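Only one structure is covered here, and it is reproduced in the block below.
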Amino acid sequence: MSYFNHLLELLRQEREEDKQSWLRLTASSSAAERRANGLTWYPVAIRGTEMSRGDYLTVEVERTTHQDITHQLRFGVSAVLFSNHDPQQDRIEGTVTFQGGNRLKLTLRTDELPEWADNGKLGIDLLFDDNSYDEMQQALKQAMALADKPEGHLVKILTGEKKPTFDTTTPPVTLPGLNTVQQEAVNRILSANELAIVHGPPGTGKTTTLVQAIKALIKKDQQKILVVAPSNTAVDLLSEKLADEGLNVLRVGNPARVSERLSALTLDSKMSEHASMKEVKRLKKQASEFKNMAHKYKRNFGKAEREQRKALFDEAHKIMKEVDKTEQYITDDLIAKAQVITATLVGANHYTVRNVRYHTLVIDEAGQALEPACWIPIIKAQKVIFAGDHCQLPPTIKSPDAARQGLSNTLLEKSVALHPEAVVLLEEQYRMNEMIMGYASSVFYENKLKAHHTVAARRLFADDVPLAFVDTAGCGFDEKAEGTSTSNPEEASFLFRHLLQLVATWKTQQGNNPFPEIAIISPYKQQVYLLQEQLQHAAELLPHAASISVNTIDSFQGQERDVVYISMTRSNADNNIGFLSDIRRMNVAMTRARKKLVVVGDSATLSQLPFYAGFIAYAEAQNAYQSAWEFMDL
Ligand SMILES: Nc1ncnc2c1ncn2[C@@H]1O[C@H](COP(=O)(O)OP(=O)(O)OP(=O)(O)O)[C@@H](O)[C@H]1O
């Protein structure tokens, strides 16, 4: 089927591009450079070893220095243990099976640690993530094969060959705490035979709705549900909320956040509590005693010793087979009891749940999910619920060619276009003052968004205008190109002047009341660095500076603050606005503020794009336009 062949080709391009940039980043760099880039832990100390399933060895290591560098060694990634003596030869590959703080567990395909692990400094290098690509590729091929079979009904619907159906006899439910359109979403989900889509614009209670829908589905169908999202953070959030509702949730994989509540939901934790675990521990101890005895016979001893050594190892292996069986039994038991399995898209193929099939699958944050990754869980299910917002940020694609040819077009977006009858748009939002919401609503949501009455009129203080576009045109705040990023130092300083003024006004109005939560965001990394630096300088004048978050727009998706400043950064004579032209990013930026949104930018540069010209006109109409010139004259 050409649909999947096309996707396979795009995925191939994406893997290739990803691999090339990986090689560029790692091949020529030293361990110290890789460490700085978050790709290496070095040095590490071994804190323990443990035999694990199927003749694997798990080593626990600790990062002993440079502990505060953010890194990418996460659960599920492939990594290699190396010795600095001969990192090309002295290396052994494995998978990260746990990561928390400065410790991680690496499972290696070996019986015992190699001798080189005893001398020299050890490190751990992240390897290129071929595994995720392999899983995606495999899933696309399976989906393609399914499409020709009767079981491939869902595949046919998602590729547009068939229409989804709804069971009109399903009695509608009324759930306390949900608004009318949220109820409608739950009922559409319940009555859908194959597909339902919850389109959740910013702050509209998508998560709240989804959690209630999952509860209602379990009550109705009495069947296990698979709930996935592209990122561990999103999976964590949902897992907690579902558990709070009293559901038996099994979180497969390693949570991104360390929390007791969350870790209690993981397979590891549930296993350790299981009644049969005592038996496993006893067997493991026995096996490791045999192994220790075996190690006493060195390899280069005589024949009799070699045989003795082998016999002891064989005995240990036999016992470990028993361990595998018992662990499998425990896992199966836990999976059977779980009402909801939660995992990332790729995590749905974790070896413990790989072969489990589900009636219903829920994909949250589907607007950020790469299509090939979505097919990993979809081929396990008969019915899929997408939740997300395709008008906010799409997934990051590394290959511009693949993106252009359609890889950035998500399955959510395609399904919304193919099957509008399956979509429920959550219209009422619980975050923004009406004026802040207005422009995004008109551009992205056909003016359908409504502000709930509890938030519609919220503002910092009486008479404050909740929106400001501060125009720097003609101020001579020119942008600076810095590598692939852009910055604008004068715009950054100006932004702080504006903010200090706001704080001063707050003080006159509100006295010593604690100042509201503030965020400063910019599309450009380089500008974010500059703003962070300037924030430190402004700390004397801003007593609550430490509570102000400064970050890129992309890292702010899903968050909210009372006051949000956007530093647009771009200002040039060539009218080049670069990736500001992805207006979905601006949708995210402009919808984070509860009470006040201040956009600082150069109208002359921005107006090249109708989206910004429209925004400036909207600000003027709301009496929310300010000139930076006039402001500086004050
Ligand atoms: N029916 C409702 N009545 C009152 N408050 C609600 C309702 N639905 C949602 N909310 C509130 O709205 C806020 C956002 O809800 P939730 O986190 O579910 O939204 P979301 O759409 O997932 O957010 P986003 O996608 O923007 O991160 C929460 O504070 C929640 O309590």
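Counting starts at 1 for both ligands and their atoms, following the listed order. Worth saying up front: this structure is predicted, and the values here are computed from it rather than measured.
- Judged purely by distance below 3.5 Å, without hydrogens or angles, the side chains of Gln527 and Thr486 never pair a donor atom with an acceptor atom.
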Ignoring hydrogens and angles, write down the donor-acceptor pairs under 3.5 Å from the side chains of residues 461-471, residues two or more places apart or on other chains.
{"unit_1": "Asp464", "atom_1": "OD1", "unit_2": "Lys596", "atom_2": "NZ", "d": "3.0"}
{"unit_1": "Asp464", "atom_1": "OD2", "unit_2": "Lys596", "atom_2": "NZ", "d": "3.4"}
{"unit_1": "Asp471", "atom_1": "OD1", "unit_2": "Ala473", "atom_2": "N", "d": "2.9"}
{"unit_1": "Asp471", "atom_1": "OD1", "unit_2": "Ser603", "atom_2": "N", "d": "3.0"}
{"unit_1": "Asp471", "atom_1": "OD1", "unit_2": "Ser603", "atom_2": "OG", "d": "3.1"}
{"unit_1": "Asp471", "atom_1": "OD2", "unit_2": "Ser603", "atom_2": "OG", "d": "2.6"}
{"unit_1": "Asp471", "atom_1": "OD2", "unit_2": "Tyr625", "atom_2": "OH", "d": "2.5"}

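- In this structure, Trp506 and Phe515 have perpendicular ring planes: the angle between them is above 60°, well past the 30° mark.
- Contact residues of ligand 1 (protein heavy atom closer than 4.0 angstrom to a ligand atom; sorted by chain and number): Gly177, Leu178, Asn179, Gln182, Pro202, Gly203, Thr204, Gly205, Lys206, Thr207, Thr208, Tyr430, Arg431, Gly558.
- The aromatic rings of Tyr439 and Phe611 sit tilted relative to each other, their planes meeting at an angle between 30° and 60°.
- Distance alone, capped at 3.5 Å, places no donor-acceptor pair between the Lys206 side chain and the Asp364 backbone.
- Between the side chain of Lys270 and the main chain of Leu334, no donor-acceptor pair closer than 3.5 Å is present.
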